[in-house]
Every structure is written in structure tokens, then in C-alpha cells.
Amino acid sequence: MPQLSNGVRHFPEYLDRARQEGLVEMIRSIVAEAPLFVPVMPGTGRPMSVRMTNCGPLGWVTDKERGYRYQSTHPVTGMPWPAMPEVLLDIWNDVSGYGKPPQACLINFYSDDAKMGLHQDRDERDLTAPVVSISLGNNCLFRVGGLSRTDRTKSIKLTSGDIVVLGGEGRLCFHGVDRIYPATSTLLKNGGRINLTLRRVDP
DNA sequence: CAGTACCT
DNA sequence: ACAT
């Protein structure tokens with residue numbers, strides 16, 4: 001279990017091809033029910049380059065007026081999020097070491113030119129629960145720093161099936177995606193990358 | 001402060 | 001830097 005930095009664990013190719021394909025099929029059905037939306041920055045309303053949706057009791061959303069938050073319904077359809085699939089609960093149980101189940105699975109779609117700036121995941125009330133991140137599709141350059149934005153960072157390439165766990169000391173580490181490497185995976189017919197992020201919100 | 005533009 |  002390689003440790004990128006304190007509390008940040010990387011499990012290369014944790015999911016085999018068959019499991020990855022199963023997840024992609026599962027994601028397609030979730031997206032059919034809960035359409036992708038474009039998140040925007042609070043205040044400015046500037047769009048992010050990823051598209052997202054969620055499954056589970058809670059979903060992470062953001063808009064110009066109310067900013068980052070978790071809510072139980074889709075921001076466009078107003079419908080509850082699709083249920084958390086068993087397979088994600090299983091993965092959480094296998095890698096998180098955390099007793100309570102995840103309440104939110106944020107599904108981020110990265111086109112080949114999408115990025116995610118350095119940030120902390122700190123919208124959850126339970127900051128003792130780890131964050132579990134699953135990579136599918138094209139490779140990406142993932143960057144992890146420390147608790148301060150200006151701390152030194154390390155970059156690693158993530159490939160399809162990789163899992164990263166930010167827990168303990170690493171739970172609030174700044175992290176982001178600097179770039180997607182086009183055509184590095186055959187998992188997604190339309191290219192790009194999907195990232196699933198499992199989180200516990202309530203203590 | 002989960003982005004981008006525009007510097008050197 | 002600008003703006004959050």
C-alpha cells in the first residue's frame with residue numbers, strides 16, 4: 001500500500017478490467033436518471049471544466065448563489081439521487097477502514113482537456129472519515145500537497161482502476177488534477193476520464 | 001478559494 | 001492577479 005504522503009494511499013490498478021467495465025455500465029444508468037450538470041464557482045458563477053452528478057443519499061453540488069454544499073436532490077431535476085450501488089459500498093468497506101458507510105458518491109466526468117485546481121475536500125461535517133477516489137478511463141496527472149495551499153506538492157499519474165484514499169493526516173491535503181492524457185485507456189469509448197469520490201458527510 | 005488569464 |  002504505497003503512501004504518497006502521510007495519510008494519502010495509492011492503490012494502483014486496484015480494480016481489474018471486468019470490475020471497471022461493470023462500474024462504467026453502472027455509471028451510465030445513474031447518469032440516465034440523474035443527468036450531468038456543470039458545476040459553477042460560488043459568487044462568480046464561472047463554470048468548472050468537469051461535468052458531474054451523484055448517487056447515494058447525498059450529493060455534492062455548487063451554484064453561484066449558494067456555493068458548495070451537500071443536498072439530497074438533483075439541482076436540475078429536483079429528484080432524489082440514485083441509490084448508492086452495493087459495489088461502491090463494497091469498495092468503501094475494503095479500502096476505507098471506516099465503519100460507517102459513505103453517503104455521497106460524486107461522479108466527475110473529465111473531458112480530455114478538463115482540469116481540477118488544487119483544493120481541499122472540506123464540505124463534509126465528518127472530517128474523520130476518509131475520502132475514497134476511483135479512477136476510470138484515461139490517465140491523469142494527479143497532484144497532492146499538504147494542509148497549506150503553498151506546501152510542496154507531488155505529482156503522480158493515475159490510471160484506470162487506481163484507487164486513492166485520503167485519510168487521517170491526508171484527509172485535508174490539497175489535491176487536484178493537472179491534466180488528462182488523451183487516448184491512454186480503451187475503457188471509455190468517448191475518451192476522457194471518470195472519477196468517483198466516496199464520502200461520508202454526517203458524523 | 002474544487003477557476004482562469006496572463007505574465008516571466 | 002483577480003476574485004472567492
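Chain identifiers are assigned alphabetically (A, B, ...) following the order of the sequence lines, protein sequences preceding nucleic acid strands; residue numbering begins at 1 within each chain.
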Donor-acceptor contact present, side-chain [X] to main-chain [Y], <3.5 Å:
| X | Y | answer |
| --- | --- | --- |
| A:R149 | A:L118 | yes |
| A:T184 | A:N139 | yes |
| A:N108 | A:M52 | no |
| A:Q20 | A:L15 | yes |

With A:C140, which of A:I180, A:D162, A:I156 fulfils side chain to side chain contact (heavy atoms under 4.5 Å, CB included)? A:I180
How many whole angstroms separate atom [atom1] of [X] from atom [atom2] of [N]?
| X | N | atom1 | atom2 | value |
| --- | --- | --- | --- | --- |
| A:K64 | B:dA2 | NZ | C1' | 18 Å |
| A:R149 | C:dC2 | CZ | C1' | 14 Å |
| A:R122 | B:dA2 | CZ | C1' | 13 Å |
| A:D63 | B:dA2 | CG | P | 15 Å |

Could you give me the CA-CA distance, side-chain angles and deciding distance for A:R171 and A:D126, then say whether salt bridge (Lys or Arg N to Asp or Glu O under 4.0 Å) is met? CA-CA 11 Å; A:R171 175 61 179 77; A:D126 183 357; over 6 Å; no
Candidate pair A:W81 and A:I30, rule side chain to side chain contact (heavy atoms under 4.5 Å, CB included), full reasoning: CA-CA 9 Å; A:W81 302 107; A:I30 289 170; over 6 Å; no
Using the rule for Phe, Tyr, His and the six-membered ring of Trp, do A:W60 and B:dA2 stack at under 5.5 Å and under 30°? yes
Parallel, tilted or perpendicular: ring planes of A:H119 versus A:H175, cut at 30 and 60 degrees: tilted
For nucleotides 3-8 of chain B, read 5' to 3', which letter fits each nucleotide if B means a protein heavy atom sits under 4.0 Å from the base, S means only the sugar-phosphate is that close, and - means neither? BS----
Applying a 3.5 angstrom cut-off to the pairing atoms, does DNA chain C sit in any stems of at least three consecutive Watson-Crick or G-U pairs? List them by first number. none
NA contact type, A:R143, heavy-atom cut-off 4.0 Å: base, sugar-phosphate, or nothing? nothing
